[in-house]
Amino acid sequence: VNTFTSLIAGCQKTGHWQDALAYMDMMREKGVSPNVRTYTTLMSACTRAGQWQRALEAFTAMEREGILPDVAAFNSGISAYAAAGAWDRAWAIFGEMKRAGFQPNIRSFNALMSACERSEEPDRALEVFRKIERAHETPTAVTYNTLLSALGKAGRYDETIIYFKQMRKSGLKADAFTLTALLTACERVGKWQEAVQFDADFRAAGVATNLRHHNCLISVFSTAEQWQLALRKLRYLQDRGWRPDAVSFSCTIVACQRGGESELALQLFDEMLLAKLVPKGYLFATLISACERNGDWERAIGLYDTMKEMQIDAP
RNA sequence: AGCCUAUAC
């Protein structure tokens, strides 16, 4: 059982949820019964791969087999609802867990807060934060990161900063997740200079950077209509050996387009395709309508054909 | 052997 559970855990990293399900079948064939940890791992693998529906199915399947969920299993259930954008359902399972006689741990609270964050319910996230204090649990860096993200996304910049300071005072280490949340907060209120400052501060503090946070900064520039900065950041990343992904390119392209740099946007788009990155439908739509506005019908049609060839649906 | 967090649309 442990071997299979480990194999399924490996699927979490790769995002191969089909393999995870295949291992479940393989277990049955060999007469090995999955336990609560196996199911918890499976749920996590599915949720991370965007298959929250399957995660919930696994939860029901587990109960049907008479396996009682424990706190970790409930936490995965809360996460699945978080991924579904259903904070109220997450809240419901959280209550169910307590009714079943389990004490929620800090991860349960974090998962619940994450559900509020994803559902864009910052006040609910704050409510969870107060629940944590009432339960005499100690907030972790994940707790703060999630709260900062919930507030930042809602454009509640001042509160984001207040809780960030509180996080630092608690002696918790800020990381790339913290930075991303701060950058998003800046983005929502148009404070791109502050975003640049946070980025510099975190670097100076030696916080490990990652592509997601770099993308977030590009997005800040895009929203702030600073296409030159967005482009410079993209090139800087490439020069430093990073491989920009579809989000990096999309944000930069949208920034250029918004700045009236249609030609540049199209060049970047070609570069994106050359890098074998797959654009989403809305990016095609943005560029096609821009070409139409410019009277460049030929390229508009060309883009449309490419979109069809790549089998990408219109947004 | 399992559970919690962040990026544009």
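All figures in this text were calculated on a predicted structure; none of them were measured in a lab.
- Set against B:rA1, B:rA6, B:rA8, the side chain of A:Ser250 has B:rA8 as its closest nucleotide.
- Taking a 4.0 Å limit (strictly below) on heavy-atom distances, residues 117-140 of chain A reaches RNA chain B at A:Glu117, A:Arg118.
- Every side-chain hydrogen bond (donor to acceptor under 3.5 Å, both in side chains) that A:Asn105 has, sequence neighbours left out, goes to A:Asn75, A:Ser108.
- Using a 4.0 Å heavy-atom criterion, one finds that A:Val247 contacts the bases of the nucleic acid, with or without backbone contacts as well.
- Of the candidate nucleotides B:rG2, B:rC4, B:rA8, B:rA8 has the atom lying nearest to any side-chain atom of A:Arg188.
- Ion pairing between a basic and an acidic side chain is recognised when a charged N comes within 4.0 Å of a carboxylate O; A:Asp88 and A:Arg124 show no such pairing.
- At a cut-off of 3.5 angstrom, the base of B:rG2 holds at least one donor-acceptor pair with the side chain of A:Thr40.
- Side chains of A:Tyr236 and A:Arg232: no donor on one and acceptor on the other come within 3.5 Å.
- Note on A:Thr146: only backbone sugar-phosphate atoms sit closer than 4.0 angstrom, heavy atoms only; bases stay farther off.
- Counting non-hydrogen atoms under 4.0 angstrom, A:Ala285 reaches nothing in the nucleic acid.
- Comparing B:rU7, B:rA6, B:rG2 against the side chain of A:Ser219 picks out B:rU7 as the nearest.
- Among B:rC3, B:rC4, B:rC9, the nucleotide with an atom closest to any side-chain atom of A:Tyr282 is B:rC9.
- A:Asn210 comes within 4.0 angstrom of a nucleotide base, judged by non-hydrogen atoms across all strands.
- Of all nucleotides listed (B:rA8, B:rA1, B:rC4), B:rA1 comes nearest to the side chain of A:Asn2.
- Counted by atom type alone, A:Glu194 and A:Tyr157 present zero donor-acceptor pairs between their side chains at under 3.5 Å.
- A salt bridge is defined here as a Lys NZ or Arg NE, NH1 or NH2 lying under 4.0 Å from an Asp or Glu carboxylate O, and A:Arg28 with A:Glu65 meets this definition.
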